[in-house]
Protein chains: 2
Amino acid sequence: MRSIGALGKATNTKVETIRYYERIGLLAPPQRTDGNYRTYDDEALARLSFIRRSRDLGFSLDQVRALLSLTDQGTQDCKTVDRIARDHMAEIERKIADLIALRHELSTMIESCGGGNISGCRIIEALSPFDN
Amino acid sequence: MRSIGALGKATNTKVETIRYYERIGLLAPPQRTDGNYRTYDDEALARLSFIRRSRDLGFSLDQVRALLSLTDQGTQDCKTVDRIARDHMAEIERKIADLIALRHELSTMIESCGGGNISGCRIIEALSPFDN
DNA sequence: ATGCTCCCTGTAGCAACTACAGGGTCAAGA
DNA sequence: TCTTGACCCTGTAGTTGCTACAGGGAGCAT
Ligand SMILES: [Zn+2]
Ligand SMILES: [Zn+2]
Ligand SMILES: [Zn+2]
Ligand SMILES: [Zn+2]
């Protein structure tokens, strides 16, 4: 059994974040000490580690919730797990493509800056309408 | 002079968003009609277009605010403009790198799924602690 | 007069936390 | 024993950039 602070250190999670996960139902309310302190067992540690790892991989809390509830009924087919992961992957791909397009536009813009005063700056021009 | 709805259409911006920009001081409060309707002139249109273009390029509202106030004093050196743009570019680069690393991890994970039931799924295993 | 579309203000919601304020608890040292 | 300090508690509000109402008023056409 460990305190919320110890759990936080073990999982690299802020105490407030742990309480937040409890509030939104992602972590079960743990047992309390006589002084009303939360105490966590190893299962809670494993569950929070799972959550953090999933979050680090960019899954949304809703996706994490789904993954957790699927894991809790471990006898089912893992098709849904696969689906969630692939959907997330597709989203990442989309974001990468968007950002690469953005980078191209930005770099063109930045390279055009001649370095005079602002009224003649090409960056500002590129942002402004009606002066193409 | 145009109504808020017309300005919204012209800049592809929702009416609520325009009011929001006004509330946070990004757009000046416009003139009003007798019936208390906002009316916008061409300058407001240009300003909102600038904002939208900057937002499309991923600048934060704070960055947009800075760019606008720099533009308003057009005689200054454009060093600061350049700086904002380069900072933003660096952030985009960081995000791209992060997402590419993420994609690598995810694809490894997804490819490892053999398709049985959940308790043996490699995706779940990859997310879980203590079972490496 | 009635409907319809637009506009107004003010407030609350989204994601995923984070940061207090204003207290209580607990272990250790003087 | 008393006190100090680190930790914990609840509850609420802030962050970013909007978006969505609710409950009204304005303006125009029929
Ligand atoms: Zn290009
Ligand atoms: Zn320049
Ligand atoms: Zn790898
Ligand atoms: Zn699987």
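The structure presented is a predicted model; accordingly, all values stated were derived computationally and were not measured. Protein chains get the first letters and strands the later ones, always in sequence-line order, with residue 1 at the start of each.
- B/Asn12 has its CG atom 14 Å from the C1' atom of D/dC18, to the nearest Å.
- Between B/Asp87 and B/Arg83 there is a salt bridge, since at least one side-chain N of the basic residue sits less than 4.0 Å from a carboxylate O of the acidic one.
- The side chain of A/Arg52 sits closest to C/dC17 out of C/dT9, C/dC17, D/dG17.
- Residues B/Ile110 and A/His88 form no side-chain contact, since every pair of their non-hydrogen atoms from C-beta on lies 4.5 Å or further apart.
- One finds no side-chain N or O of A/Thr17 lying less than 4.0 angstrom from the OP1 or OP2 phosphate oxygen of C/dC17.
- Of all nucleotides listed (C/dT9, D/dT10, C/dC17), C/dT9 comes nearest to the side chain of B/Arg19.
- At a threshold of 4.5 Å between non-hydrogen side-chain atoms, the residues A/Leu99 and B/Glu93 do not count as touching.
- Contact check, A/Arg38 against D/dC8: no side-chain N or O comes under 4.0 Å of OP1 or OP2.
- Between the C1' atom of D/dG17 and the CZ atom of B/Arg65 lies a distance of 12 Å, rounded to the nearest Å.
- Within the nucleic acid shown, B/Ile24 has no heavy atom closer than 4.0 Å to any nucleic acid atom.
- Residue B/Arg55 has no polar side-chain atom (N or O) positioned under 4.0 Å from OP1 or OP2 of D/dT16.
- Between A/Glu16 and B/Tyr37, the residue anchored closer to the 5' end of DNA chain C is B/Tyr37, taking for each the nucleotide with the nearest heavy atom.
- For the pair B/Thr11 and B/Leu7, the tightest heavy-atom approach, listed with the atom from each and the gap, is OG1-O, 2.8 Å.
- Summarising the geometry, the separation between CZ on A/Arg2 and C1' on D/dC8 is reported as 17 Å, rounded to the nearest angstrom.
- Look at CD1 on B/Ile4: it is 7 Å from P on C/dC7, rounded to the nearest Å.
- For A/Tyr20, counting side-chain heavy atoms from C-beta on, the closest listed nucleotide (D/dT19, C/dA16, C/dC7) is C/dA16.
- Atom-to-atom, CG of B/Asn36 to P of D/dG25 comes out at 13 Å; the value is rounded to the nearest Å.
- Residues A/Tyr20 and A/Ile18 are members of one and the same hydrophobic cluster, defined by side-chain heavy-atom contacts under 4.5 angstrom among Ile, Leu, Val, Met, Phe, Trp and Tyr.
- At whole-Å resolution of the value, CZ in B/Arg32 and P in D/dA26 are 13 Å apart.
- For the pair B/Gly35 and A/Val15, nearest-nucleotide mapping onto DNA chain D gives the more 5' position to A/Val15.
- Residues B/Pro30 and B/Glu22 have side chains in contact (heavy-atom distance under 4.5 Å, counting atoms from C-beta outward).
- Note on B/Tyr21: every side-chain N or O is 4.0 Å or more away from OP1 and OP2 of D/dG17.
- B/Thr33 comes within 4.0 angstrom of no nucleic acid atom, judged by non-hydrogen atoms across all strands.
- Of the residues near DNA chain D, B/Leu61 and B/Asp34, the one whose nearest nucleotide (by heavy atom distance) lies more toward the 5' end is B/Leu61.
- When the C1' atom of D/dT15 is taken as reference, atom CG of B/Asp62 falls 11 Å away, rounded to whole Å.
- Close to D/dC8, at under 4.0 Å from its OP1 or OP2, lies a side-chain N or O of A/Ser3.
- Between A/Met1 atom CE and D/dC8 atom P there is a gap of 15 Å when expressed in whole angstrom units.
- A sub-4.0 Å separation between OP1 or OP2 of D/dC18 and a side-chain N or O of B/Arg23 is absent.
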